Structure formats: structure tokens, C-alpha cells
**Q** 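My questions will all concern the structure given below.
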Protein chains: 2
Amino acid sequence: MVQRRSGHVTLLDIARACGCSVSTVSIVLSEAPLSKNVAAATRERVREMARHLGYHPDAYARSLRRRRSQTIAVLAYDLSDPFCIPLVQGIQSGLKPASYLPLLMDAQTKRKLFDNYLRMILERRAEAVIVIASWIFEETNLLADIEKNKVPIVIIGRDLTEKKINSMLIDNQAGGAMAFTHLATMGHRRIAIIRGPEELLDSAPRWKGVQQAAAQAGVVIDERLVLQLPSLTDSAFGFEGGLRAARKLLAGKQSFTAVLAFDDMTALGVIRALSEAGRRVPEDCSVIGFDDVLPARVATPGITTVHQPLHEMGLQAATWVMEEIKVRQAGTQGRVRLEYAQPELLVRASTTRAAEDGKRQSQA
Amino acid sequence: MVQRRSGHVTLLDIARACGCSVSTVSIVLSEAPLSKNVAAATRERVREMARHLGYHPDAYARSLRRRRSQTIAVLAYDLSDPFCIPLVQGIQSGLKPASYLPLLMDAQTKRKLFDNYLRMILERRAEAVIVIASWIFEETNLLADIEKNKVPIVIIGRDLTEKKINSMLIDNQAGGAMAFTHLATMGHRRIAIIRGPEELLDSAPRWKGVQQAAAQAGVVIDERLVLQLPSLTDSAFGFEGGLRAARKLLAGKQSFTAVLAFDDMTALGVIRALSEAGRRVPEDCSVIGFDDVLPARVATPGITTVHQPLHEMGLQAATWVMEEIKVRQAGTQGRVRLEYAQPELLVRASTTRAAEDGKRQSQA
DNA sequence: TTCCTATATTCAAACGTTTGAATTGGTTGC
DNA sequence: GCAACCAATTCAAACGTTTGAATATAGGAA
């Protein structure tokens, strides 16, 4: 076992052991075009020796020389949000065939961490960046530092096309409408609505969709049944928010037969509150969520929700950046892309037809 | 904006712009010991220019030269298992102060992906590896390739001390005992038990703990109420497994007032099945889980479970590897470590006292 | 023989850093 | 006035690859 001072086997070690030059070894092992000129015997000898010595090419040296890191940074705002995982895995699936290494980073909803990672992305010469966004970061540095370095970016969950950044979003308006329409179709008229926090860009369009669907269904939304989540800086994920909002709702005078929650975690909080108050879901009150995250799938009753095609979106984002890397290598400048993914209603067990016409009321 | 052919600003660019040598620039910007000798004026000029040009050191060149990657690989068997996330975040927290970059990799329960990432870890010259294990991988390559390269390893969830790998485990036996004792204390006598899949190393000790606690409590375990999960190669996470197991249980003749599930996801599946059969939790049947993952916390009723201090374990693992890196740099060889983390019973709402003495029985 | 082509291999420079050793001037000590 | 020192800076080699150009060897055609 030959070992050099660095502790790793290098091309030089192999070259010496084979009695040939470093170049030859490199050509053979990296399967360069020239390698078809290398004598079959030599080729085999080199390969054998590399295997025998346990050689692994040094990614740093290689990237330095090739000026390609074969790396794509994936910056998620918080991995502990179950929302992120399918996206990340989708991205991973998309990247694998091209053998890019996803450099997965978790900002843990901390602005400072986020900036730190941004710096690292630059230093590690990531060839592209995919950002899974939330309200945590103003886009300032992102634009200033990364785009300046001509690295393709895709941002998921935010429209930054006017800053020339490829953006991928869910059609929140359509989703919000779907959710409301579902409840209305089930006969609900007194529907409580928990809106998302103001800072979150999903909140407004989703609310707009809800209003639009209400108008279309001829249902009037009782202002007193509309609440807004506070800005969830902590890791409460909306569960806590939903819990508190629903408690407030239950304490109020207004009756309701259904709750349209901002997202699944909120919905789960709502269900907890309803349960505390002795109201069962969906018999006494229907609850609908948004996102279709794991906890909503495995809860009982399963949460009716608006599914986001997260895996597909991740895959798409990966495809985009890889295409753009190619395009930029060719010297041309691609168009800025914008896509609204279409959500889908997923009826599970947390919603049902309204009891009678509205007789079953709020009190515990 | 000076740009070189590589598209990135280098030390040379700054040197030229400042009219000094690359060395000086390097010394200033990397705050080498020598930098105290550099004239204050020069220092300022260089810094200013670096900022102005948007310089970011090339991590590849730097690592190559310094022979340190400042990188620690974190290889998780599957990020979509909510179990992994707190571990990962704990590791992250531990690594941050030392400014190591966690190279987060998600094997997605695929053996091939796992091997691929292992290779990349070697090529990227990670200074240490933390593996969040499951039954997916035989430890073969892990030992053969990584340890051979003298890279410190910590494995979480498996005892590989005999192969000289630092191991961190949960005390499954104690945990299993806790869970059973809790149910017994609540007056349950007819307790169904869903054991973990055979390949999972947690399964055996957990079961042993259960048996031991049963003996101690003077409760006999009815063999006919003991089921085992199949090997969950797919992403079903035990939810599906728990669902099916509980259905089988319910279809059987044996009555039971409580179910001790292998883990939280299993417990959630069990609850779904019970609900299908019209049995309520915890009134008609208590259910206890294991792990304390997010879905168990936000479900209603909240799942009583055996909490694993995952965040702390991750933190600890990070500390270990960083210490070992230091130790090995000093030339000495550290001892192989083994630690059993202590679980903790977390009583929530899915368990309650047995109704009467066992009158409430199985039928739907 | 000489020139040509093809095959097999090597040279040497480059990628962007870091760093031990060397080089400048300019003081100071004696 | 010369050695000796200091501060400020630079040289040059090295990290481990890759790769365009160069070289060497051989077989064949002229």
C-alpha cells in the first residue's frame, strides 16, 4: 500500500508503480479521447494498479484544472419543513443522470446561515443554484453576488423573473379556488378561513383564489371567520398557528362547518383544537389543507388537501439549470423562465358533506 | 468589473489592480500570520479592491493547496424519513462553529446511490464521515474504502465498534421496556405488539426490552398478538406496514386494549386501521409509538411515544468527528467510541388507562 | 535511404491558492 | 562604515489533475 505524504494515492503513485508517466495514467483513468491510442496492455496494467492501490481521483485537483465543479447547489430554507423534502428529492432525481452532485444546504430559517451558505456556494464554484425559498430572505445578495458571477439560478416559490431569475411557482390562486370550491360543493356555507402570514408570498394569491371561488359559488365569506397566521419565524410550522387560530375561532360567536386552512400543518393544528373542543373531524367540522405533506397523509383522518407536484417541480428545476448550463457554455443567453405548476385537489377523509343545511353549530 | 477567462476574479486580478504580488494579496485576504507584517495601507487597499471586484476565494484551489477540504460528509439513508431530519440538523449545529461544511447526501434507500455517494465522499476528500444508517447497506465498502483512507467515521444507528468504527445508538432495549411498562402501568394486559422488520437492527433489542418489561410487570404476551413488519424496502415508512398489521390484528379473534407499535409511522398506520374499524384512540384502544417524529407530534391525538434525543445525538456525532480529526492530525490514534443514547417516555394523548379490567374488546 | 503516417507515450504548462525561503530597502548598533 | 537587524514584499515551488503539443518508435510506401 503506497501512501504519499497527503495520505491519498495519486496519479504519480500509479505512474511510478507502472513505470509510465502521469499523463498516460491520467489519460487511461479519465478515459480521455486519447486513451484509444494507449496500448491495451498498458491500459489494463494501469487500471489494475489503480484498483490495487485504491486510487480515487481528487475532485479538487480535477475541478481546478477542468474548471468545472460538477456541482449544483440546492439551498433550502428549512429541511425540517416536510414541504422541502419532496422538492429536494425531485431535484436529486433530476441531477443524477447527468452526475451532478447536489450540494444540499439547509438554512434552517436563519438569515445568517443563509448568507453563509451563499458565500460557500460562490467559493465552491457551484455551476448553478436552486433555491427553495420562503419569506426568510430578501433577494438582495442572491441577485447581487450569484447572478453577477453568471451562475444560473432557479428559485422555487417566488417570482423573481423581473430580476432575470428563473422562477417556479405553484398556482396558488387556482389551488385556493379548488379548496374553497370543494367545500362549497360539499354544501358548506359557513366556512372559516385561515390565511397565511403576510410575509409569505403564497398567502395573497391563495386568498384571492378563495375569494374568487366564493363569488363564483355564491357563498359570502363572513369576515369574522377569517383569520391570518402571524409570521412564523419559529419552527412551529403553522401547527401552532393553526391551533391558536382555531381556538380563537371556537371561542368566537360565529358558527362554522368547515375550515379552510392555509396549509397542511395549519390544518393539523386546527384539528387538534377542534378535538380539544370536542368537535370531531369531519363529522362536526370539515378541514382542508394545502401542500400534501407527509404528516397530512399519515394522520387520521387523512387530510383533504391541495396537492403540489413537488417532486415534479424539483425535477423540472434540475432540468432547467442543467439546460441553462449548457446554453451558457455555448455562449448564448437563455430566456428567463417562469412556470406555474398546477395543483390538484386530493380528497381524503377530513372533509365531508355539511350536516343538514347548517344546523350543526360551533359550540363544544 | 475585471473578469478572467475562467469567469471568476482571482488573486492575480487583485494583485494587478493593486500593483503588488499575488503573495501579498493572499497573505492579506487569508489573514495568514504574516499579514501582521503587511503595511496597513497595503492591507486596506487589497481588501478594498477584493470587495470591489467581488472576489471569492476558490475553494478548490485552496483545498488542494492546504490539503484540507473543510468538509464533513453526512450520508443519510433517506431524507424523506422524518427520523433523519433532526439528526441532520443536530449535526449541522455541531459543525457550524468549526465552520466545517456538511456535505449532505441522501441515499434514498437505494443501495446504488449509497455506493455512488461513498465514492464521491472519497473523491471530495471529506475529512470525516457521519453515516445515518439503516439496514440498507451492508457495511462492506464503508469499512473497506473509507476507513482505509484514514477518514474518521461515526455511524448512527448501528454498532460497528468491532470494525473499529465509532458507533452511536439509541438504547432500544430500555426504550422498548419503557413503552411496555407505560402500557402495563395504565392497566393494559392484552397488548398487541408490532415488531420491527428483521433486517433492522433496532428490532431485536427493542423486542427484548418489551419482553423483559412484560416479565417484570407480570404480563404475559399473547403470541397471537405479536406481529412482525415485513422489510420495508419501499418508502412506505412503516405506515403501510402498521396499517396492514393492525388490520390483520383486528380481523383476528384475539382482543386487545393497546398496541405497541415499532415506531411512530407504524403507530400512525395502526391508528388508521383502528379508525377504519370504528375503534377510537385512545378510548377504545391505546397506541404507543417510538422515535418522536414530526408526524407523531402533530397528529391528533398526539402519539405517546419513546422520544429519541436525535438532535443531541447529531450534535454529539459532529463533536466526535471533529475531535477525532484533531486527534489524528496530532498523529495519535483515538479510541473507538460507543454510546447508547437514553430514550425518554413522552406521554401524549394516544394512550390512556385500560377501560375497566379488559371488558372493552376487539370487535368493531 | 527518406519521407509519411499511425501508434504509443511523454513534456510541460496551466488551474488558483498557500507558504517557506529569499529579496529588498532602510535603520540601528557599535 | 560595516554588520546586523527589521519591516515589507516577492519568489518559486507545490498541491493533483488535464491536455495541447511534442517526441519516439515502428511499419510501410516511394
Side-chain angles (χ1 to χ4, degrees), chain A residues 2-46 50 53-70 122-125 127 149, chain B residues 2-46 50 53-70 122-125 127 149:
Chain A
V2 185
Q3 295 266 120
R4 307 196 55 227
R5 39 249 171 268
S6 81
H8 284 279
V9 183
T10 71
L11 289 182
L12 185 57
D13 295 316
I14 300 176
R16 281 212 262 256
C18 289
C20 64
S21 80
V22 174
S23 311
T24 308
V25 178
S26 169
I27 288 166
V28 170
L29 293 180
S30 63
E31 296 175 43
L34 277 176
S35 75
K36 67 178 192 327
N37 289 339
V38 175
T42 314
R43 220 160 28 202
E44 209 29 69
R45 192 154 34 94
V46 168
L53 294 182
Y55 171 76
H56 289 272
D58 183 315
Y60 290 91
R62 171 177 283 179
S63 293
L64 181 59
R65 169 64 223 224
R66 285 197 177 153
R67 293 137 128 185
R68 299 214 45 186
S69 64
Q70 282 290 325
L122 254 352
E123 295 185 353
R124 304 253 155 183
R125 303 295 190 247
E127 294 185 38
N149 280 75
Chain B
V2 185
Q3 293 268 120
R4 307 195 57 226
R5 39 250 170 269
S6 81
H8 283 279
V9 183
T10 71
L11 289 182
L12 185 58
D13 295 316
I14 301 175
R16 282 213 261 257
C18 289
C20 63
S21 79
V22 173
S23 311
T24 308
V25 178
S26 169
I27 288 166
V28 170
L29 293 180
S30 63
E31 295 174 43
L34 277 176
S35 75
K36 68 178 193 323
N37 289 340
V38 176
T42 314
R43 218 155 35 196
E44 208 31 66
R45 195 153 33 94
V46 168
L53 295 181
Y55 171 76
H56 289 273
D58 183 315
Y60 289 91
R62 169 177 284 181
S63 292
L64 181 58
R65 170 65 224 228
R66 284 199 178 152
R67 292 138 129 183
R68 298 213 46 185
S69 64
Q70 283 289 326
L122 253 355
E123 295 184 353
R124 305 253 154 184
R125 303 294 190 247
E127 295 186 37
N149 281 74

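In the text below, chain A, chain B and the rest are named by the order of the sequence lines, each starting its count at 1. Here the structure is a predicted model, which means the values were calculated and not measured.
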**Q** Might you point out which heavy atoms bring B:G54 and B:V9 nearest each other, and give the distance in Å?
**A**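 Residues B:G54 and B:V9, closest heavy atoms: O-CG2, 4.1 Å.
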
**Q** Does B:S23 get its side chain close enough to the base of D:dA12, under 3.5 Å, for a donor-acceptor pair?
**A**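 It does, because a donor-acceptor pair links the side chain of B:S23 to the base of D:dA12 below 3.5 Å.
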
**Q** Could you state the CG-C1' distance from B:L11 to D:dA14, rounded to the nearest angstrom?
**A**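 So the two atoms are 16 Å apart, to the nearest Å.
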
**Q** Please report, rounded to the nearest Å, how far the P atom of D:dT18 is from the CD atom of B:E123.
**A**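 Between P of D:dT18 and CD of B:E123: 10 Å.
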
**Q** Is there a side-chain polar atom (N or O) of A:T24 under 4.0 Å from OP1 or OP2 of C:dT10?
**A**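 It does, given that an N or O in the side chain of A:T24 lies less than 4.0 Å from OP1 or OP2 of C:dT10.
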
**Q** Please give, in whole Å, the distance from C:dT17 C1' to A:D58 CG?
**A**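 Checked: the CG to C1' distance equals 14 Å.
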
**Q** Just how far, in rounded Å, is C1' of C:dT17 from CG of B:L29?
**A**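 Nearest whole value for this atom pair: 11 Å.
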
**Q** Could you report the tightest heavy-atom contact between A:C20 and A:V46, atom names first, then the distance?
**A**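 Reported closest heavy-atom pair: SG-CG2, 4.3 Å.
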
**Q** Let me confirm one number: the CG-OG distance from A:L12 to A:S21, rounded to the nearest 0.5 Å.
**A**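 So the gap between those two atoms works out to 10.0 Å.
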
**Q** What verdict does the side-chain contact (heavy atoms from CB on, under 4.5 Å) test give for B:I14 and B:L53, after you've listed the backbone C-alpha separation in whole Å, the side-chain angles of each residue and the deciding distance to 0.1 Å?
**A** CA-CA 8 Å; B:I14 301 175; B:L53 295 181; 4.1 Å; yes

**Q** Which atom names give the shortest non-hydrogen contact between B:R62 and B:S30, and what distance separates them?
**A**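 Between these two residues, the closest heavy atoms are NH2-CB, 4.3 Å.
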
**Q** Given the rule in the side-chain contact (heavy atoms from CB on, under 4.5 Å) test, do B:D58 and B:T10 qualify, once you have shown the distances and angles that lead to the verdict?
**A** CA-CA 8 Å; B:D58 183 315; B:T10 71; over 6 Å; no

**Q** Which ones in residues 34-42 of chain B lie close to DNA chain C, meaning a heavy atom under 4.0 Å from one of its atoms?
**A**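 Hits under 4.0 Å, by residue number: none.
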
**Q** Which of residues 59-66 of chain A sit near DNA chain D, with a heavy atom under 4.0 Å from it?
**A**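 Those residues whose heavy atoms fall under 4.0 Å from DNA chain D, taken from residues 59-66 of chain A in numerical order, are A:A61, A:R62, A:R65, A:R66.
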
**Q** Output the rounded distance in Å from OH (B:Y55) to P (C:dG16).
**A**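 Whole-Å distance recorded here is 10 Å.
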
**Q** What are the two closest non-hydrogen atoms of B:C18 and B:R45, and how far apart are they?
**A**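 Minimum heavy-atom separation between B:C18 and B:R45: O-NH1, 2.7 Å.
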
**Q** Once you round to the nearest 0.5 Å, how far does OG1 of A:T24 lie from CG of A:N37?
**A**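 With rounding to 0.5 Å, OG1 (A:T24) is 11.0 Å from CG (A:N37).
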
**Q** Return the value, rounded to whole Å, for the distance between atom CG of B:L12 and atom P of C:dT18.
**A**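 So the CG-P distance, B:L12 to C:dT18, works out to 14 Å.
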
**Q** Quick check: on DNA chain D, is the nucleotide nearest A:I27 upstream (toward 5') of the one nearest B:V22, or the reverse? Name the residue that is more 5'.
**A**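 On the 5' side of the pair lies B:V22.
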
**Q** What do the steps show when you test A:R68 against A:E127 for side-chain contact (heavy atoms from CB on, under 4.5 Å), and what is the final call?
**A** CA-CA 7 Å; A:R68 299 214 45 186; A:E127 294 185 38; 2.5 Å; yes

**Q** Using whole Å, report how far CZ of A:R68 lies from P of C:dA14.
**A**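 Result: 22 Å.
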
**Q** Return the value, rounded to whole Å, for the distance between atom NE2 of B:H56 and atom P of C:dT17.
**A**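 These atoms are roughly 12 Å apart.
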
**Q** Ignoring backbone atoms, test whether B:S21 places a side-chain nitrogen or oxygen under 4.0 Å from the OP1 or OP2 oxygen of D:dT10.
**A**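 Checking B:S21 against D:dT10: at least one side-chain N or O falls below 4.0 Å of OP1 or OP2.
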
